[in-house]
Amino acid sequence: MGDGRRLPFPLPCLLLCVSLIAGVRTEEAPMDTSRLSKFVDHLPDMPKLHGYELVDGVPKPRSLVIGMYSILWKFHRDLPPTRVFAYGRSKSKATVPGPTIESLHRVDTFVTWRNHLPSKHILPWDPTIPTAIPPRMKGIPTVVHLHGGILEPQSDGHADSWFTARFQSRGPTWTKKKYHYPNNQQPGNLWYHDHAMGLTRVNLLAGLVGAYVIRHPEVESSLGLPSAPEFDRTLVVFDRSFRADGSIYMNSTGNNPSIHPQWQPEYFGDAIIVNGKAWPYLVVQRRKYRFRIINASNARFFKFFFTNGLGFVHVGSDSAYLRSPVYVNETLLAPSEIADIVVDFSGSKSDEAILANGAAYPYPSGDPVNEANSKVMKFIIREERVVDSSRVPGKLIEYPLADVSQATRTRYITMYEYTSPTDEPTHLYINGRAYEERVTETPREGTTEVWEVINLTEDNHPLHIHLGLLAVVKQTEIVGLEEFKACMERRNNARVCHVERHASGRRSEAEEHERGWKNVYKVMPGHVTTMLVRFSYIHSANSSYSFDPTAEPGYVYHCHILDHEDNVMMRPLKIIR
Ligand SMILES: *[C@@H]1O[C@H](CO)[C@@H](O)[C@H](O)[C@H]1NC(C)=O
Ligand SMILES: *[C@@H]1O[C@H](CO)[C@@H](O)[C@H](O)[C@H]1NC(C)=O
Ligand SMILES: *[C@@H]1O[C@H](CO)[C@@H](O)[C@H](O)[C@H]1NC(C)=O
Ligand SMILES: *[C@@H]1O[C@H](CO)[C@@H](O)[C@H](O)[C@H]1NC(C)=O
Ligand SMILES: *[C@@H]1O[C@H](CO)[C@@H](O)[C@H](O)[C@H]1NC(C)=O
Ligand SMILES: [Cu+2]
């Protein structure tokens, strides 16, 4: 930003904060994970928890208690057990990722999330970015966000609604223990993960992630997609680095250590983990499978493809079914995005298919993939033919897109990255504003707005909006980028800087499978991305939510590269009526 608007750096780091960087061994290098054999561990299925109860065959609401525990987890046959933080119904049942919660449309699920974590973190963190720090540093702040959930603010897992073990310390906006998930939105794939202020990246790295599916049998069964549990699988994918003793490696030195002793702009791990195992394998039949792939990496993008040429079919995005299936040979998944795909192994010419990754990191301009992170998992395809009565129908489910002309207003959302004199990123802000500054995005319930998202950084930032759903209209290259950027850095006002004149370059279409309503969209650098943002359900014409969306503490929207979100590419979002 220009001089007039230079934002205060967070607290200078005194000696104290060095001692706060908790429980951390100092710089030992990560091990070379490429030494680990690939495809030796069988792909686990995470435990399933039903978010409903059947009473005389009728589904009824259910209350669950899910804890967060410090446990040891085997990520690979040849790696010693790793200390992780894991979700589960009890310590002995806790897993990484956590149990998959299966809920039914219109049947309430209640979850009391309990923190049983010790007082010291297993990973380094950074007290100089805005961070939840409990009194006397006792306990690890956590709060659970259901990503993709359309639900009340009190249950949304607001970053400042954190709590420590036994709810001893609570963040400033903490309201209640038992979260309410009404599940009265469109069927689809969600995931839950930690969202504590300034700790999201490390709490997820430690293992606090899990899948959540909302099913709507009346609507979905007629589609005929693979649906038996054996053929409808959730894959939670993330990347991690390890030390030779099995512990998770995260660099404890920041890229600007005199400003932020630990924070780095992007975490990348070299081992690719699927459902808690590094490069696992799965034996499959020669038939169709549905895979709901959740990218739970901090910063790694994945470009998935099969080495034996098998294609796949997108049937859903990260929030909803697509209107019709989209056939592709590769797909790019940003952090926190979800791909809902069908793979038909019956046409495979070989008896093995390796799911591979070809995305540079950081994406799109970083290092090419290497031997280790270019492979994800292996499918071993049985030889014998089987009868497969599932299908991919020509039409899936259509949720109408609003027309831009019906939008009630336009907002400009600009992404800025700030650097130190050594040109290393120090922090990132949306609209040049710190998270604590007063709320500026106050959409009205039931409306659809146009958000013009302007990326002035060099990275692709996956934008995620709590409560709302977004649909990309167009992406327009900025012409005269340097002039526009210089103006924005001085004035921080897109209209004053003539955004319409600059947003006149080449237009690129959203990928076909990303044209519907979504939760996350990858915002291209140097472009203005025009999106519709809708604050109502998409499967019903009712413009009111079933809860009060105006309640405290409100919502947030943010970049879903967790290292950016933590420092602090996140802003409050307050719904009005
Ligand atoms: C950790 O980060 C620091 C600062 O960016 C860097 O100098 C160092 O090489 C990193 N360590 C490893 C093992 O990558
Ligand atoms: C996928 O690859 C196959 C074989 O290379 C090709 O025939 C097909 O057209 C490709 N499909 C798409 C959607 O690109
Ligand atoms: C996974 O999500 C992370 C963070 O949102 C993102 O940086 C990464 O590119 C994503 N990877 C894939 C394969 O989508
Ligand atoms: C964001 O914009 C910058 C320039 O303003 C560009 O260099 C960068 O590539 C953009 N990021 C993405 C993901 O398009
Ligand atoms: C819309 O939803 C609200 C909240 O659930 C409900 O009170 C209202 O009756 C609904 N309106 C219609 C027309 O269904
Ligand atoms: Cu970002």
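Computed from a prediction, not measured in an experiment: that's the story for all the values here. Whatever order the structure lists them in is the order used to number ligands and atoms, beginning at 1.
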Non-neighbouring partners of Pro80 that pass side-chain contact (heavy atoms from CB on, under 4.5 Å), sequence neighbours left out: none

Test item, Gln264 contacting ligand 1 (heavy atom, 4.0 angstrom): yes

Sub-4.0 Å heavy-atom contact, Ser252 with ligand 1: no

Pairwise side-chain hydrogen bond (donor to acceptor under 3.5 Å, both in side chains) hits with a residue in residues 49-64, at least two apart: His50-Tyr52, Ser63-Lys178

Contacting atoms of ligand 1, where contact means under 4.0 angstrom from a heavy atom of Tyr249: 11 (N), 12 (C), 13 (C)

Close side-chain approach of Lys375 to Ile272, heavy-atom, < 4.5 Å: no

Output field: ring centroids His145/His558 closer than 6.0 Å: no

Exercise: do Asn203 and Thr142 side chains pair donor with acceptor under 3.5 Å: no

Within the 6.0 Å centroid threshold, strictly below: His216 and His539: no

All pairs passing salt bridge (charged side-chain N to carboxylate O under 4.0 Å, His left out) where residues 143-157 contributes a residue, at least two apart: Glu152-Lys176

Residues in contact with ligand 5, criterion: heavy atom under 4.0 Å: Asn542, Ser544, Tyr545, Ser546

N/O separation below 3.5 Å, Asn251 to ligand 1: yes

Numbering as shown, the atoms of ligand 1 that approach Gly254 to under 4.0 Å (heavy-atom distance): 4 (C), 5 (O)

Pair Tyr557, Glu441: side-chain N/O donor-acceptor within cut-off below 3.5 Å: yes

